[in-house]
Amino acid sequence: MKSASERFEMIDRQQWKDLVQARLEVMFENSGKEGTLPPVVVQVPPKPEMGDLAFPLFAFAKVFGKSPVELATSLTEDINSLSDRPEGQAFAAGPYMNVRVDMASLIEKLCEKVEKEGSSFGSTNILDGKKVMVEFSCPNTNKPLHLGHVRNDCLGNSISAILKASGATVMKVNLINNRGVHICKSMLAYIKFGNGESPESTGIKGDHYVGSWYVRFNSWAKEEPTAEEQAQQMLVKWEQGDKETLELWKKMNKWTIDGISKTYEDTGISFDKYYYESDTYKLGKDKVIEGLERGVFQKQEDGAIYIDNSDIGLDKKILLRKDGTSIYITQDIGTAINRHEDWPFDSLVYVVASEQQYHFKVLFHVLDKLGCSWAKDLHHLSYGMVFLPEGKMKSREGTVVDADDLMIQLTAMAREEISEKGRDKDLEDPDKTAHDIALGALNYYMLQFDPQKDVTFNPKESLSFNGNTGPYIQYMGARISSILRNYTASEDLYKGTEFNASLLANEEEREMFKLCGSLPELVAKSAQSYDPSVLCSFLYDLCKIFSHWYHDNQVLNPDDKALSVARIQLCKVVLASLKSAMALIGIPFLEKM
RNA sequence: GGGCGCAUAGCUUAAUGGAUAAAGCGUAUCCCUCCGGAGGAUAAAAUGCGGGUUCGAUUCCCGCUGUGCCUACCA
């Protein structure tokens, strides 16, 4: 059976692979030797001039009693003598047999496909009919977003777009963490020292304003030993529904959420549904008790309910406190079950940092024990931590990279660069362009690495628009757009000239078509591995080849109309591929910049 | 202590068990009478240590060293 991604391949590797396997078997039979042949592997040669497909023959040397080099020679002869082989040429390359496929027909097919599919080029149907819920962001309402949240948001937003492009119906959900003792801390500091001020009266963005009281609490707590206790008492009052406490809580929550919403808006992040922890934190308690009654959980002597995880090699985990109140995992059990009842998903993806891997392992196991057949459909998209050169970011010590500050800084840098390059007069709205460039830089930076891996953010070195960056990608899009505008302006010159795909035959042109043609399988791959970085690499590779190519190859040349028309076709395919992939990783496309 | 990761050029990152380990930044040197130089070209520079599996290991296995996270009746 073919794997999902192979259905989108422009070059039919499977066909070649089957052919090679079949011919090797014939050769083996004719040799009269005994034994079984190992399976054929097909790979991509490391350099374009080595062809499009490669078949290493090392593994066959032993059974044939011949060197891989000899095998490559005879296999190549055999294959090239076949009249009904797929279009293309085989050639021996040391211990490999490589294949150069016939590009002209592939190019024509690809151009048609791109023309037909337009901005949806690259999408696939591997998840058709699937309902996928993606939970991400999940901020606390006691402080503004920092770089760690930004990685989460970019990933969640991008992976949702990628899943959608794979045919799934996606529900993006955010669970606002708006209760708990940490929330009470900023409230308490505000009561003590706030003097009734507000974001409006101080002109400070709401989330930053509340965050400043959280910081204030922590400095106060260093002098005041009862501070922590007072915060705890406030939480008790909150849980008892104390009117004044609730009112302040509502007011301050709104300040923060309004502020965070602005950040979302500013960074292109959106959700289909918001959940609030204050509404959901009690869910799950019944489920845990139910589990106890069914004997899948146990009760300690002091009354706390726990699950024994020794069957999966983990420690036991408390699920309900001895006083009967919920903890973090109790709530997650409840919300998962609740969500599945609300919107029966085929899959639920939690975008949460790797530090919570243990938590999710336990959570999924608990749900499985509770008899949720869909527990196997839960996926923790665990991403690595974002560190600064000095180490981990700490809110309390003020060593965080603030999300808003970062955007402001990037936007200012972009705006300055626009002026420096004298582009103001060419742009309709230089400020908006600057903002889009900042957004491109941010998203590309956050998504270019393997999500699993920790990243180090060096502010000085990371904030760049040159080299392997979002703006570089945007720039190539703008340059191609510019060429296409020039073409349109002089279209009369080229009227009546037919597109001839065989004029696009140099290595770079072949490479670009091959790359663009592989976009659907790359989108499928990024969906299956929950990894947008695949698309970042695609974009960068494509732009790099295009940059080099158009530096040496004039696209528009009235003296050679056929060549110009062919190259314009290439530009169109590249541009469509860029646009599609950029949309999936949140890089705004710019006609001009 | 136990569990889960990670270790590739000076720095930040790539590389389905296969061909000369790929880029960006930084460094050095070139290129605008050429569709917009946020560009292009050239150069120096790397698989932590020790075993194993394999025809072949950056990739898989074991040990060591270093490093990060988790190991709450916090979230």
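Because the structure is a prediction, the values reported are computed rather than measured. Order of the sequence lines fixes the chain letters, A, B, ..., with proteins taken first and strands second; residue numbering starts at 1 for each chain.
Side-chain atoms of Ser354(A) stay outside donor-acceptor range of the base of G5(B), with no qualifying N/O pair under 3.5 Å. Judged by atom type and distance alone, Asn468(A) does not reach the base of A14(B) through any side-chain donor-acceptor pair under 3.5 Å.
Classification of the Tyr487(A)-Tyr494(A) ring pair by plane angle, with boundaries at 30° and 60°, yields tilted. Using cut-offs of 30° and 60° for the angle between ring planes, the Tyr445(A) and Phe457(A) rings count as perpendicular.
Remark: Arg479(A) is in phosphate contact with G37(B), judged by side-chain N or O atoms under 4.0 Å from OP1 or OP2. A close approach under 4.0 Å does occur between a side-chain nitrogen or oxygen of Asn466(A) and OP1 or OP2 of G39(B). Within the 4.0 Å cut-off from OP1 or OP2 of G36(B), at least one side-chain nitrogen or oxygen of Asn486(A) is found. Checking the phosphate oxygens (OP1, OP2) of G37(B), no side-chain nitrogen or oxygen of Tyr472(A) falls inside 4.0 Å. Ser547(A) has no side-chain polar atom (N or O) that falls below the 4.0 Å cut-off from OP1 or OP2 of G39(B).
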Which atoms of nucleotides 55-58 of chain B (N or O only) lie under 3.5 Å from a protein N or O atom, and what are those distances?
unit_1, atom_1, unit_2, atom_2, d
C55(B), OP1, Lys62(A), NZ, 3.0

For nucleotides 27-31 of chain B, which of its nitrogen or oxygen atoms have a protein nitrogen or oxygen under 3.5 Å away, and what is each distance?
none

Can you pull every protein N or O that's under 3.5 Å from an N or O on nucleotides 7-12 of chain B?
unit_1, atom_1, unit_2, atom_2, d
C11(B), O2', Glu461(A), OE1, 3.4

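Applying the side-chain hydrogen bond (donor to acceptor under 3.5 Å, both in side chains) rule to Ser526(A) yields no partners; only residues at least two apart in sequence or on another chain are considered. Partners of His365(A) under the ring-ring contact (aromatic ring centres under 6.0 Å, His included) rule, at least two apart in sequence or in another chain, do not exist in this structure. Evaluation of the ring-ring contact (aromatic ring centres under 6.0 Å, His included) rule for Phe546(A) yields Trp549(A), Tyr550(A) as partners, not counting sequence neighbours. Contacts of His380(A) classified as ring-ring contact (aromatic ring centres under 6.0 Å, His included), with partners at least two apart in sequence or in another chain: Phe360(A). Taking Ser310(A) as the reference, Asp308(A) meet the side-chain hydrogen bond (donor to acceptor under 3.5 Å, both in side chains) condition, with sequence neighbours excluded. Shown here are the ring-ring contact (aromatic ring centres under 6.0 Å, His included) partners of Tyr328(A), two or more places apart in sequence or in another chain: His359(A).
Under the Watson-Crick and G-U wobble criteria, each requiring two contacts below 3.5 Å, nucleotide A43(B) is paired to U27(B). C60(B) is paired with G52(B) under the criterion used here, namely a Watson-Crick or G-U wobble arrangement in which both key atom distances are under 3.5 Å.
Candidate nucleotides A23(B), G37(B), C70(B) were compared by shortest atom distance to the side chain of Tyr475(A), and G37(B) ranks first. Nearest to the side-chain atoms of Pro471(A) among the listed nucleotides A38(B), G68(B), C35(B) stands A38(B).
Sorted by residue number, the list of members of residues 558-568 of chain A with any non-hydrogen atom under 4.0 Å from RNA chain B is empty. Only Asp315(A), Ile318(A), listed by number, bring a heavy atom of residues 307-319 of chain A to less than 4.0 angstrom from any atom of RNA chain B.
Nucleotides A9(B) and A45(B), compared at atom P, are 14 Å apart to the nearest Å.
A centroid separation of less than 6.0 Å is found between the aromatic rings of His146(A) and His149(A).
For residues 413-441 of chain A, the set of pairs meeting the ring-ring contact (aromatic ring centres under 6.0 Å, His included) definition, not counting sequence neighbours, is empty.
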